[in-house]
Participant: 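Quick one: the structure is below, questions incoming.
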Amino acid sequence: MTSESSFLQGARLNPEQESAVTSGARFLRVLAGAGSGKTRVLVHRAAFLIKECGISPYEILAVTFTNKAANEMRNRIADLCDAPVKGMWVGTFHGLAHRFLRIHFRDAGLDEPFQIMDTDDQLRMLKRIHKEMQIQDADFTPKQSMGFINREKDEGRYPASGTGMDRQTRLMQEVYQRYQDLCDQSSLVDFAELLLRSLKLFENNPAIADFYQRKFAHILVDEFQDTNAIQFKWLQALLGHDNALTIVGDDDQSIYGWRGAQIENILRFSEKYPETETVRLEQNYRSTKSIIGAANGVISCNIDRLGKALWTAGEQGEPVQLYAAYNEIDESKFIVERIAHFKSKGIPYRKQAILYRSNAQSRVMEEALLHARVPYRIYGGQRFFDRAEIKSAMAYLRLIALPEDDAAFERVINFPARGLGDRSVQTIRDAANAQQISMWQAASRLIEHKALSARAHNSLVQFIELIKGLQTTGQGITLSELVSAMLSRTQLVQAYAKESQEQRQAREENLKELVSAASSFNSITDFEQEDFLDPSMRDMAEDDGFLPIRPKVVEPSNDAKVPAALAAFLDHVSLESGEMQASQDSDAVQMMTIHASKGLEFPVVFLAGLEEGLFPSQMSMNETGRIEEERRLCYVGITRAEQYLTISYAESRRIYGEERRTRISRFVREIPSEFLKEIRLGSVVKPVYHARQQESSLPSGQPASAPNDGSVKVGDRVMHRAFGEGIVLATEGRDARMRVQVNFTRAGSKWLMANVAKLEVLS
DNA sequence: TACACATTGATTTTT
DNA sequence: TCAATGTGTA
């Protein structure tokens, strides 16, 4: 712990960072404000333990939420101390839980190979169960069942039968039970189950728990404010008598409460572990004083927080700009104009981000960007592995690896259509249910007994042969060859023949992308390989005997043979389905929800739609405590900005097809006025804006015709803030939908929305 | 199986 | 409003 050590001198940490990095406390809580160097501290602490305290890289367990964060941490630790990258215990909660389950599958009560089930499979299965149990949607929907089950699992509970529940809860428990039985039967494990099952593994096998408690001298957890009940329990299960736990997080950035995250985990950490040492990182290295001032102003309105005062040694910077748009279209146009302005000042598009509360807001923005020919990229839309064609392809691969996978079976038995409609599928399903076997087995038996119509029989035989054939071919070829073979034999591409050219092309490209993903997939991530890099794991296998892994040598090469590589690939895909997007480094404006922006930073940020009911969202205004989470979300949004922050709201917004008057978000009012500056475009006065603002204090109801609409008529000489002077050629529609055609002296003839263009009549 | 029509539901989504 | 589902009919 000497500050003279060369390691620390090279690191250039501030005093708080350094005390966090070198702390000897067994329980360390680092409260790291936005942009305060949180990851840096975590990585340096790991490196410090390895280089200065003689801890082996294999004795550290580092846990994150996203694969991105895990990879970054892994690489940075390895960089800092020449530790091996592979085999280190750095990963996501789910990824690490999965690793435990693969190693100890037998003690966890699982068959090898088990398969990870995604949300889609989960919902499909529940729909089936609902039908089977004849549950009406009026009672509760499959989606609600899914929510219930996942919530229960996140709290660490398996299905319970019993007294003291109302009728509906009891029924949901029955659904849960049936669901769990089906999963167990077909060796399927959902996301929540990964954690729950590995927790049970530790609880039921003290020797295994004890081994890991001794093995992991230090447990490091990132983004601790986002942990839920089971994740905390899981960490506690790994905590023995003397291993240490470091948690890093920011209670002010807890924005996943609705997903079960318990902010109490970080707030009450020191009550749970009284020896806890708490270090606050309050110096921000990202933003200007104005932005930090605005952020502090907002977050200080929250009661339930540990309290931090973020500060920066940086420049004052521009005040936060506020724009009151007439409606959402005006808002989007304004933002696009500002983007062009920053671009002309030398800030490339890719360094500018538009953040919003809900995805629905992106559409209007997109239109405006498209119109102005500004390139953009939307994050967090549909993920690569969530696309229909990829899902189908994956289902085929899953069937090849594990024909018992009913979810996969159902997904592709009649896709591409091969004449096995609902009736045939139902027959197979019934047979499977009746005999408690998988649909694959049921199908084989139905064929044996010739229990189907001749046509269905033939189709089914063909389908089974198709899968079997691929299984056989798969033995001798590489993974990517298998994927190619699967695609050509299943005719997946052709199945989309009647879609539009564009659609078809996109799907085909995605499928090609899948092939290349398969070829670049390196099976060295194979767990058997990885775990045997770790000497203590090797010892465990030899000495203790309860470890059922075989030190099988897997060639670390790209063309490892199927099926080992296929199994690893399937796991990889279900756990790391994240960033696999095409066009990356083109210069495009970044668009995403505020949630998706957490952890990122941009020189220029636009926060759009700061309106009551939208942000904070209506839904969060009823329940207590939810508003505070919205405020934290706002804090996250503000603190994404490095140099320029522009906030906007629309006074009128179309929501679900209805034009609604809105009020400015309370969060804007929470920004100290010294850091805020309201702006208007150009010199054109906006009479409409003022009239409307007066109106908005009245009970909303009659959307009286827009003052401007009636005043423009054919032949009028008008002025437009961007196009200049022109003559009205024609009008179309009325009131809010009125469109005007104007022949501008400079810009030529254009159609404009009357209420957006805000034309000033000159003559 | 395929298409037309009705119904529903609509924050956020690390794995 | 509008997209994604579900239902009904040829």
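Side chains included, hydrogens not; waters and symmetry mates left out as well; all remaining heavy atoms used. Protein chains get the first letters and strands the later ones, always in sequence-line order, with residue 1 at the start of each.
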Participant: Have a look at A:A192 and say if it touches a base, only the backbone sugar-phosphate, or nothing, with a 4.0 Å heavy-atom cut-off.
Facilitator: nothing
Participant: Quick one: what's the B/S/- string for nucleotides 2-10 of chain C, heavy-atom cutoff under 4.0 Å, read 5' to 3'?
Facilitator: SS--S----
Participant: Tell me whether the side-chain N/O atoms of A:N150 come closer than 4.0 Å to OP1 or OP2 in B:dT15.
Facilitator: no
Participant: Quick one: label A:G599 by what it contacts on the DNA or RNA (base, sugar-phosphate, nothing), any heavy atom closer than 4.0 Å.
Facilitator: nothing
Participant: The criterion is ring-ring contact (aromatic ring centres under 6.0 Å, His included); which residues satisfy it with A:Y179, sequence neighbours excluded?
Facilitator: none
Participant: Which residues pass the side-chain contact (heavy atoms from CB on, under 4.5 Å) test with A:N359, sequence neighbours left out?
Facilitator: A:Y356, A:T593
Participant: State which residues pass ring-ring contact (aromatic ring centres under 6.0 Å, His included) with A:F602; sequence neighbours excluded, sorted by chain then number.
Facilitator: none
Participant: Counting just side-chain N and O atoms, does A:N67 come under 4.0 Å of either OP1 or OP2 of B:dT15?
Facilitator: yes
Participant: Can you tell me the distance, in whole Å, between the CZ atom of A:F65 and the P atom of B:dT14?
Facilitator: 13 Å
Participant: Determine whether the aromatic ring centres of A:F140 and A:H130 lie less than 6.0 Å apart.
Facilitator: yes
Participant: Roughly how many Å apart are B:dT14 and C:dA3, using the C1' atom of each and rounding to a whole number?
Facilitator: 26 Å
Participant: I'd like to check the ring-ring contact (aromatic ring centres under 6.0 Å, His included) partners of A:F148; sequence neighbours left out, ordered by chain and number.
Facilitator: none
Participant: Residues two or more places apart in sequence or in another chain: which of them pass salt bridge (Lys or Arg N to Asp or Glu O under 4.0 Å) with A:R626?
Facilitator: A:E623
Participant: Output all residues satisfying ring-ring contact (aromatic ring centres under 6.0 Å, His included) with A:F569, sequence neighbours left out; order by chain, then residue number.
Facilitator: A:F521
Participant: Find the distance A:D222:CG to B:dT15:C1' and express it as a whole number of Å.
Facilitator: 15 Å
Participant: For the pair made of CD in A:E72 and P in B:dT14, what is the distance, rounded to whole Å?
Facilitator: 17 Å
Participant: According to the ring pair (Phe, Tyr, Trp, His ring centres under 6.0 Å) rule, which pairs have a member within residues 618-640 of chain A, sequence neighbours left out?
Facilitator: none
Participant: Are any protein N/O atoms closer than 3.5 Å to N/O atoms in nucleotides 5-12 of chain B? If there are, list each pair with its distance.
Facilitator:
from: B:dT11; atom 1: OP1; to: A:Y656; atom 2: OH; distance (Å): 2.9
from: B:dT11; atom 1: O4; to: A:R626; atom 2: NH2; distance (Å): 2.7
from: B:dT12; atom 1: OP1; to: A:N359; atom 2: N; distance (Å): 2.7
from: B:dT12; atom 1: OP1; to: A:N359; atom 2: ND2; distance (Å): 3.0
from: B:dT12; atom 1: O4'; to: A:R357; atom 2: NH2; distance (Å): 3.1
from: B:dT12; atom 1: O2; to: A:W258; atom 2: NE1; distance (Å): 3.4
from: B:dT12; atom 1: O2; to: A:R357; atom 2: NH2; distance (Å): 2.5
from: B:dT12; atom 1: O2; to: A:H595; atom 2: NE2; distance (Å): 3.4

